[in-house]
Amino acid sequence: MNQIIFMLGDWPVRTIDALIGFGALVLILLVAIAVVIARSGRRGAELAMAHAIRADELEERLSQVLHAQSEAAGRADAMTQALAGRQAEMARAVNERLDSVTHRVGQSMEHSTRNTMESLRALHERLGIIDNAHKNLTDLTTQVTTLRDVLANKQSRGAFGQARMEAIVQDGLPKGAYEFQFTLSTGKRPDCVVFLPDQRPLCIDAKFPLEAMTALHDARTDEEKRVATQRLRGDVMKHVGDIAEKYLVTGETQEMALMFVPSESVYAEIHDGFDDVIQKAYRAKVVLVSPSLLMLAIQVMQQIMKDARMRDAADQIQTEVIKLGDDLGRLRDRVLKLQKHFADANEDVRQILISADKIEKRAGRIEELDFSKTDAPADGPRLVASGAPELFPRKLQAGE
């Protein structure tokens with residue numbers, strides 16, 4: 001009980017001190033309440049009267065509040081019904097909007113799906129095309145590799161050039177106008193000869209200086225390019241010399257021969273970079289041709305042959321034209337005779353029509369005669385009055 005609870009300044013406050021203080025405080029509060037109750041007793045009547053008045057006012061206000069509450073309830077019900085209608089309309093509008101949005105979303109999704117499917121289909125087609133292109137590229141790579149292997153061998157390269165030349169010649173000239181591996185009087189056999197109108201063959205030989213051209217393309221230094229250039233010039237001039245020596249026979253072949261280069265790029269490289277070689281080949285009466293130039297030369301040869309055949313047939317054509325003129329003259333004489341026969345026949349028909357008209361007129365006059373009024377016997381003579389028409393007024397003349 002004497003335990004210190006807290007310190008109030010320097011004064012220690014113990015438990016018993018706190019209880020005493022609390023009791024004193026309670027006693028003071030009871031005294032104050034008693035004083036207040038005593039004072040309020042006098043005011044009770046006044047307050048009761050005031051309370052009664054206030055009760056009446058409160059009752060009247062309560063009735064007004066109840067009336068206002070009922071009105072508010074009616075208005076609340078009306079508002080509730082209006083809100084319910086508005087809510088129903090809003091729900092219907094929202095449903096319609098949702099249906100419209102759903103329909104649009106469905107159409108948009110369908111359209112997007114269709115576009116996606118079309119894009120996927122186009123993508124598949126493009127992938128198919130890419131696959132085919134890849135396959136073709138693979139095949140082309142294989143063919144290029146095979147072609148490189150073929151061209152690496154000199155004999156295969158020569159066969160390739162000859163095959164390409166034969167294809168161009170066979171496509172441009174008729175059979176009998178050319179011959180492959182034709183043997184000359186010297187025993188030499190060019191790759192192809194074309195028989196021109198003077199019956200002297202034009203020799204064509206296929207050459208393919210690929211090794212020297214490849215070395216020139218692969219050269220990196222100036223020395224390598226110089227060596228490759230000399231090699232290419234030497235190879236081409238060697239081919240030109242061989243063709244001029246073997247296939248230009250005086251009096252038997254044409255005065256010019258063709259050296260066929262079966263590659264447009266190789267020919268263009270030689271023609272552009274080695275003009276001196278081209279000029280020396282011209283002077284040696286050897287013309288370098290590419291596939292396109294050989295095709296053009298074949299077309300020119302074909303036209304020359306056609307013109308020669310037309311010149312050979314000119315006399316025969318002139319004779320046939322003269323005979324055609326004679327036949328035309330005879331045809332004119334016969335037409336004139338036929339026209340005269342037609343004129344005579346028309347005159348005879350006109351005379352026949354005149355006679356027919358006269359006979360028709362006389363038949364009409366005969367029909368106009370009346371024999372029913374006669375009084376004479378049938379076997380007696382009948383007198384004809386001078387004014388009556390004669391049965392046979394005159395004798396018919398020949399031709400009427």
Any donor-acceptor pair under 3.5 Å from [X] side chain to [Y] backbone:
X: Ser70; Y: His67; value: yes
X: Ser100; Y: Glu96; value: no
X: Thr102; Y: Leu98; value: yes
X: Arg200; Y: Gln254; value: no
X: Asp191; Y: Ala206; value: yes

Side-chain donor-acceptor pair under 3.5 Å between Gln107 and His111, yes or no? no
Is a side-chain donor-acceptor pair under 3.5 Å present for Gln316 with Glu320? no
Within the 4.5 Å heavy-atom criterion, are [X] and [Y] side-chain neighbours or not?
X: Val194; Y: Met305; answer: yes
X: Leu288; Y: Leu293; answer: no
X: Val289; Y: Val287; answer: yes
X: Leu232; Y: Phe274; answer: yes
X: Cys192; Y: Met165; answer: yes
X: Gln302; Y: Lys306; answer: no
X: Ile298; Y: Met301; answer: yes

Residue pair Lys323, Asp327: steps toward the salt bridge (Lys or Arg N to Asp or Glu O under 4.0 Å) verdict: CA-CA 6 Å; Lys323 292 181 179 180; Asp327 292 338; over 6 Å; no
Heavy-atom pair of closest approach, residues [X] and [Y]:
X: Leu184; Y: Lys246; value: CD1-O, 3.9 Å
X: Ser292; Y: Glu264; value: N-OE2, 2.9 Å
X: Thr253; Y: Tyr247; value: OG1-O, 3.4 Å
X: Asp205; Y: Lys207; value: OD2-CE, 2.7 Å
X: Pro201; Y: Val193; value: CB-CB, 3.7 Å
X: Arg164; Y: Pro291; value: CZ-CG, 3.7 Å

Nearest-0.5 Å distance that lies between atom [atom1] in [X] and atom [atom2] in [Y]:
X: Ile278; Y: Tyr267; atom1: CD1; atom2: OH; answer: 6.0 Å
X: Leu336; Y: Arg332; atom1: CG; atom2: CZ; answer: 5.0 Å
X: Lys188; Y: Cys203; atom1: NZ; atom2: SG; answer: 12.5 Å

For the hydrophobic clusters of this structure (ILVMFWY residues joined by side-chain heavy atoms under 4.5 Å, transitively), does one cluster hold both [X] and [Y]?
X: Ile168; Y: Leu296; result: no
X: Ile304; Y: Val169; result: no
X: Met256; Y: Val277; result: yes
X: Leu248; Y: Phe182; result: no
X: Leu258; Y: Val300; result: no

Could [X] and [Y] be called an ion pair, given the rule that one side-chain N must be under 4.0 Å from one carboxylate O?
X: Arg226; Y: Glu223; answer: yes
X: Glu125; Y: Arg121; answer: no
X: Arg350; Y: Glu347; answer: yes

Residues, nucleotides or ligands: over 12 heavy atoms within 6.0 Å of [X] [atom1]:
X: Glu255; atom1: CD; result: no
X: Glu245; atom1: CD; result: no
X: Gln87; atom1: CD; result: no
X: Asp222; atom1: CG; result: no
X: Gln318; atom1: CD; result: no
X: Gln339; atom1: CD; result: no
X: Arg97; atom1: CZ; result: no
X: Glu360; atom1: CD; result: no

Side chain to side chain contact (heavy atoms under 4.5 Å, CB included) assessment of Glu60 paired with Glu57: CA-CA 5 Å; Glu60 184 178 359; Glu57 292 178 355; 5.7 Å; no
Are Asp276 and Arg233 close enough, and set up right, to give a salt bridge (Lys or Arg N to Asp or Glu O under 4.0 Å), and what steps lead you there? CA-CA 9 Å; Asp276 57 334; Arg233 182 178 286 105; 2.9 Å; yes
How far apart are the C-alpha atoms of Asp333 and Lys337, what are their side-chain angles, what is the distance that settles it, and do they pass the salt bridge (Lys or Arg N to Asp or Glu O under 4.0 Å) test? CA-CA 6 Å; Asp333 295 338; Lys337 290 180 181 179; over 6 Å; no
Quick one: do Val236 and Val261 satisfy side chain to side chain contact (heavy atoms under 4.5 Å, CB included)? Show the steps, please. CA-CA 10 Å; Val236 174; Val261 180; over 6 Å; no
Using the side chain to side chain contact (heavy atoms under 4.5 Å, CB included) rule, take Val105 and Ser108 through it: C-alpha gap first, then chi angles, then the decisive distance, then the call. CA-CA 5 Å; Val105 170; Ser108 178; 5.5 Å; no
Show your reasoning for whether side chain to side chain contact (heavy atoms under 4.5 Å, CB included) applies to His103 and Asp99. CA-CA 6 Å; His103 181 67; Asp99 293 337; over 6 Å; no
